[in-house]
Amino acid sequence: MTRLPTFDDIFAVMSAASVGINAARVAVPEDPPLDDLATRFAIAVNLLLDDLAFRAAEAEAAHQVTQTELERMVAERTLELARANQELEAFSYSVAHDLRAPLRSIDGFSQMLLEDYADKLDAEGKGYLQQVRGSAQQMGRLIDDLLMLSRVTRSELRHKRVDLTALARSVLARLQKNEPERRAELVVSDGLVADGDAGLLGIVLENLLGNAWKFTGRCPMARIEFGARHEQGRPVFFVRDNGAGFDMAYADKLFGVFQRLHSAAEFEGTGIGLATVQRIIQRHGGRVWVEGEVGRGATFFFTLNEEAQ
Amino acid sequence: MIDDKVILLVEDNPADERLTLRALGKNNIGNEVVVARDGVEALDYLFARGNHAGRDSTVLPAVVLLDLNLPKVNGIEVLQQIRANERTKLLPVIILTSSDEDKDRLAGYISGCNSYVQKPVNFNQFADAVRQLGLYWLILNKPPPQTGR
């Protein structure tokens, strides 16, 4: 090209560059005369656009490095997490096998002593052995509950629409069937549904309703209710009982593992159930909390999928 | 004629072995119980080799009670070898173990166990489980016909 650039050419290139046509440059002949104003402007604009292009390329390269770095970090963390989960699974597995066998032995041989040496043991001696058996069996229940807690943490969530009304009714039916002599008012609202893992939500209801059943054991007019109230367009489920209740001062301890607010003499249990409930609710993106009063019962509230609303 | 039915108990834990034998005895299950203390011994017995060479290999136990956690060759591997062999592939095998982990149950059934029973910690429950196993597998259940007679 032999023609010298004009201000129109410069304006055209700058317009093109401003809409993202980054390769646009003003055509300038070789060995241009530097006393022509438009030519000098054209050269300046070209230099500016080259410089801008260069900086853009550098920024992109830097961004790419950060991207790669981030991806590497994510991959690394995911691997670490997978390994930790694997270790936890192996640990739980060991617990299942290796802790249960000696307990069985303790329980079994105590029983054998009671049977084979009954005539050589007085009532007190027999009582000691029953204590040994009782402790072994309690430890067995602790192991079962701890394993459940660990499983609940590790397992994959299978989401679907869960009929909580039906689930609660079947849990309560089973509790009643196991203790047919107990009379209790059992109230379950119709139409309670939620999105979540049916198995895990079943465990939540078994624990909460089972607790309500247990702690109303001494109540002449026991009443257990499962329902929902609506807050800000979102359901808040609750399990309410009029049983033994507890002191609100210790409310936050309730969900800790092994935490119990009643002695074993008052109510049996392992103190793991509520920790399990909390873990499941958290995995469903919800919250669980409780209100209660000594001698007046307790109400456990929980939400699910708070983000999704 | 249930008395000539042999039970093969594959169990490495001596305490569990003792408790199982006692539970069987308590329930008047008087059948001969052969105890193998690891996977290799169990297979040697079934295939009449190693320490059990010379045994009549056409005579198989009526039922195998198989623990999963065994030294050397584990329970699942023993089961797989039992199912892989023409002579023993129909043998009733009951997994009797401490674990109720999903992966063990899955592995057990995939490898072809006939039944999976968790050993309870409570001895009375354990004895009751053994009683039920004995009643079912030795009396009610009909094992496959013995071959090679």
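Below, chains carry the letters A, B, ... as their sequence lines are ordered, and counting in each starts from 1.
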### Message
Restricting to non-hydrogen atoms, name the atom on B:K119 and the atom on A:R104 that form the minimum distance, rounded to 0.1 Å.
### Response
O-NH1, 3.1 Å

### Neighbourhood of chain A inside residues 101-109 of chain B, taking heavy atoms under 4.5 Å as contact
B:E101, B:K103, B:D104

### Query
A:D195: what forms a side-chain hydrogen bond (donor to acceptor under 3.5 Å, both in side chains) with it, not counting sequence neighbours?
none

### Query
Taking it one step at a time, do A:Q137 and B:Q125 satisfy side-chain contact (heavy atoms from CB on, under 4.5 Å)?
CA-CA 11 Å; A:Q137 286 163 35; B:Q125 287 174 10; over 6 Å; no

### Message
Other residues, nucleotides and ligands only: do more than 12 of their heavy atoms fall within 6.0 Å of CD on A:E76?
### Response
yes

#### Entry: B:K72, NZ atom: more than 12 neighbouring heavy atoms under 6.0 Å
no

### Message
What residues of residues 105-113 of chain A make heavy-atom contacts with chain B at a cutoff under 4.5 angstrom?
### Response
A:S105, A:D107, A:G108, A:F109, A:Q111, A:M112

### Query
Is chain A contacted by the side chain of B:N13, its backbone, both, or neither, given a heavy-atom distance below 4.5 Å?
side chain

### Task
Go through the structure and list residues passing salt bridge (charged side-chain N to carboxylate O under 4.0 Å, His left out) with B:R83, not counting sequence neighbours.
none

### Message
Around atom NZ of B:K89, are there more than 12 heavy atoms from other residues, nucleotides or ligands closer than 6.0 Å?
### Response
no

### Query
More than 12 heavy atoms of other residues, nucleotides or ligands under 6.0 Å from CD of A:E181: is that the case?
yes

### Summary
Residues B:V121 and A:R100: closest non-hydrogen pair is CG2-O, 4.1 Å

### Message
So for atom CD, which belongs to A:Q282, do other residues, nucleotides or ligands contribute more than 12 heavy atoms lying within a distance under 6.0 Å?
### Response
yes

### Message
Surrounding CG of A:D116 (heavy atoms of other residues, nucleotides or ligands, distance under 6.0 Å), is the total greater than 12?
### Response
yes

### Summary
Applying a strict 4.5 Å limit to non-hydrogen atoms, the region of A:D144 in contact with chain B is neither

